[in-house]
Amino acid sequence: MSKKEAVNILNEIATLLELSGADFFKVRAYNNGARAIESSDITIDQNTTAKELSNIKGIGKAIAQKLEEFLSTGKMKYYEELKASIPSGLMDMLKIPGLGPKKIKYLYEELGITTIRELEFECQENFLIDLPGFGKKTQDNILKGIEVVKRFQGNFLYGEIIGQAENLIGEIKGSKKVIRASLAGSIRRKKETVKDIDIVASSKDHDSLMNFFTTRECVMDVISRGDTKSSIRLESGIAVDIRVVDDDQYPYALHHFTGSKEHNTAMRSIAKKNKIKMNEYGLFKEDKLIRCKDEAHIFSQFGMDYIEPELRENFGEIEAARDKKLPDLVGISDIEGLLHIHTDFSDGSMSASQVVEYMESKDFSYVGFSEHSIAAQYAGGLNNDTVHEYFDALDALQKKHSIKILKGIESDIMPDGSLDFDDGILSLFDFVIISVHTGFNMDEEKMTDRIIKAMDNKYATILAHPTGRILLAREPYKINIIKVIEAAAEKGVFIEINANPFRLDLDWRYCKQAKEAGAKFLINPDAHNLEGLSDYTYGVNTARKGWLEKQDILNTYPVKKLEELLKSRKE
DNA sequence: GCCGTTTTCGGCCCGACTGTTTTCAGTCG
């Protein structure tokens, strides 16, 4: 039993309670409890007691006891009973935009609808039109919502969406009606997946700006249209929400709609303690507006430093801002070179010389190749012979170019924790990336031991994509990531932030903890084609969300210092 | 269900839009 499972079960209980029509505050208490566990630094396992749990703010007697039962036995009676009382399809129905727990509960009780498919059928048969509180438009919206769920499951990769978002915000900023405008919401916070695109703009003429917004060429569908708020859908299926305010309200609105919800709630409660009301229109002391010219000014009202949007997840940024202890986050321009690149020596689609030319054109000072290794024959991995051809080719390339070329390998971690090349060959590389590509279905203990054992090899320098997750497609393998992080820090193995937009692994949620354990990181593109090289910027986002600074990231270092660090591990 | 420098009971953040209503409930962020 891990922290993650505890968090998941509390969130699931909250959802089930919502569907069962429970008191709103009870639902929120479970959501808050999940949040509290997630951000607490206590380790959670089968021996964690209710007493320890209830020390966490947000966990009371009732939740603590239920969790203790869950952790020690793997079961929770309360949850099992709740789950049994509610058809599982109702949970899926919550994903339909426009349909919430109240209506779902009503449809279930009145029409016996328990799955999205049934709901779709009933809509097509016009059964919803005459229900009290429903009607033709509601039914149409539900059908549209079902389409969205079926096609996109409601989530989008940041990397797939950011281009569309930037185009649209560019158009809006270009409108003469706009004074200030910005992306907001999760996309401004640079979360790895987003549900929609949020935009905040200020204008003297709301109506014209709304017309401008809802008639852009990229708009497929207008979902709602008001004077302060409108929603559209793009061809990709993602919804875009815009909020238009007067310019003196802009800083408050931008902060409010950037979120996160948890950050805002925490900010509001601080405001309340200072007898200040905080909402999207301003800060009010005894109903009098406190004028703020920008977001930094808002934070300063509470004695806080400016908090970068990436950090606004209520992961301690508010306390740090108050204590002047916010990190100086790593930036894209800090990156000096890139490692973890595959070429046509293994499964990449570009040649090493193309990569070198590209990297030189972008003024990077080093480039590190890392082909797949002997066990990864599915990916054209190098073997004991071709590895020497690879060295010769890179040596020849180095003679023609001034950018420093580092020779690496991505060596597979075998199920027993050994590496697939023997030490004699591994010792020849400038760096050895180790990673799991097979045998994903081990239990947590075995997988954790497997990876920790692999890190005992003194030639292993970088642990790649530590959890193996593929966003929106594959869960992380079962692993005690905290143990792995601590072992990496202790053994001096560097942790990769894999910057592929489908991976972004190590997850930012663990970066801060890893840093505190003493770990160092590399932001690696894991590129297989030339476009993939620029993915490193997504990795920088992840590092920033994980509170990392320039000195935490090895590929911000000059090449000499990086080489020393890579060598020191062998010695 | 949680919490408490006024509280062990009575609060719990707040506002916009839609659609179905004739003043409001549900949903969303």
Side-chain angles (χ1 to χ4, degrees), chain A residues 10 13-14 17-18 21-37 53-67 78 82 93-107 128-142 144-145 154 184-189 194-200 206 210 214 222-232 239-245 249 252-273 275-284 314:
Chain A
L10 293 183
I13 289 171
L17 283 171
E18 255 191 309
D23 174 47
F24 165 75
F25 294 107
K26 187 169 171 178
V27 173
R28 208 169 66 179
Y30 276 93
N31 281 136
N32 287 344
R35 189 81 201 169
I37 298 269
L53 290 163
S54 58
N55 283 334
I56 303 171
K57 193 167 173 291
I59 303 292
K61 215 171 143 191
I63 292 184
Q65 271 172 0
K66 291 188 178 90
L67 270 185
Y78 178 72
L82 191 59
M93 283 161 69
L94 270 175
K95 292 179 196 141
I96 299 169
L99 197 58
K102 298 267 166 59
K103 282 203 158 79
I104 291 174
K105 183 167 184 278
Y106 185 85
L107 290 169
L128 269 58
I129 287 184
D130 295 325
L131 293 182
F134 290 76
K136 170 100 174 77
K137 287 222 166 173
T138 305
Q139 180 175 278
D140 288 348
N141 283 337
I142 289 175
K144 272 189 194 169
S186 52
I187 207 159
R188 181 167 182 237
R189 299 199 315 278
V194 298
K195 276 193 177 328
D196 60 14
I197 298 170
D198 290 299
I199 291 175
V200 175
H206 293 199
M210 284 306 187
T214 51
V222 178
I223 303 165
S224 70
R225 199 269 187 213
D227 259 358
T228 60
K229 181 186 170 181
S230 295
S231 268
I232 57 154
V240 187
D241 295 341
I242 194 170
R243 297 293 289 233
V244 180
V245 295
Q249 297 169 329
Y252 317 102
L254 181 60
H255 176 264
H256 180 89
F257 293 110
T258 296
S260 64
K261 208 163 60 183
E262 291 78 9
H263 170 89
N264 285 355
T265 306
M267 285 292 291
R268 270 197 294 267
S269 85
I270 284 181
K272 212 171 169 184
K273 278 189 195 129
K275 300 219 173 0
I276 291 173
K277 189 173 93 167
M278 182 172 195
N279 61 27
E280 60 260 59
Y281 299 113
L283 298 180
F284 301 94
N314 200 21

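All values reported here derive from a predicted model rather than from experimental measurement. All chains are named by letter (A, B, ...) in the order of the sequence lines, taking the proteins before the strands, and each is independently numbered beginning at 1.
- At a threshold of 4.5 Å between non-hydrogen side-chain atoms, the residues A:H256 and A:M267 do not count as touching.
- A:S260 contributes a side-chain N or O that, together with a main-chain N or O of A:H263, makes up a donor-acceptor pair within less than 3.5 Å.
- When both distances must be under 3.5 Å, the Watson-Crick or G-U wobble mate of B:dC9 is B:dG4.
- Rounded to a whole Å, the CD1 atom of A:I199 is 15 Å from the C1' atom of B:dG29.
- Remark: A:K136 engages A:D140 in a salt bridge, criterion side-chain N to carboxylate O under 4.0 Å.
- Across the P atoms, B:dT7 and B:dC2 are found 22 Å apart, a figure rounded to whole Å.
- Minimum heavy-atom separation, A:G226 to A:M210: O-CG, 3.3 Å.
- The gap from the C1' atom of B:dT20 to that of B:dG11 amounts to 32 Å, rounded to the nearest Å.
- Comparing the same atom, C1', in B:dG26 and in B:dT21 gives a spacing of 13 Å after rounding to whole Å.
- In this entry the distance linking CG of A:N314 with P of B:dG29 reads 20 Å, nearest Å.
- The NZ atom of A:K26 sits 10 Å away from the P atom of B:dC2 (whole-angstrom rounding).
- As a whole-Å value, the separation of A:K95 NZ from B:dT27 P is 17 Å.
- Nearest heavy atoms, A:N279 versus A:Y252: O-CB, 3.9 Å.
- In this structure, the nucleotide among B:dC3, B:dG26, B:dG29 sitting nearest to the side chain of A:K57 is B:dC3.
- Counting to the nearest Å, the C1' atom of B:dC3 and the NZ atom of A:K273 are 11 Å from each other.
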Checklist outcome for this item: Letter by letter from the 5' end, nucleotides 12-21 of chain B scores (B base, S sugar-phosphate only, - none; protein heavy atoms under 4.0 Å) BB-SSSSSSS
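- When the C1' atom is compared between B:dA25 and B:dG10, the two are found 25 Å apart, to the nearest whole Å.
- B:dC9 and B:dT22: their C1' atoms are spaced 38 Å apart (whole Å).
- We find that NZ of A:K195 is positioned 16 Å from P of B:dT27, with the value rounded to whole Å.
- Atoms CD1 (A:I37) and C1' (B:dG1) sit 14 Å apart, rounded to a whole Å.
- We find that CG of A:N32 is positioned 9 Å from P of B:dC3, with the value rounded to whole Å.
- A residue-by-residue look at A:I63 and A:I96 shows that A:I63 has its nearest nucleotide of DNA chain B further toward the 5' end.
- Among the heavy atoms of the strands lying under 4.0 Å from A:K66 are primed sugar atoms or P, OP1, OP2 only; no base atom is included.
- Of the candidate nucleotides B:dG29, B:dG1, B:dG26, B:dG29 has the atom nearest to the side chain of A:D196.
- B:dT23 and B:dC17 have their P atoms separated by 22 Å, given to the nearest Å.
- The distance from atom CZ of A:R35 to atom CG of A:N32, rounded to the nearest 0.5 Å, is 9.5 Å.
- A:G100 and A:L94 make their closest contact through C-CD2, 4.1 Å (heavy atoms, listed as atom of the first residue, atom of the second, distance).
- In this view, A:K277 satisfies the salt bridge (Lys or Arg N to Asp or Glu O under 4.0 Å) rule with no residue, not counting sequence neighbours.
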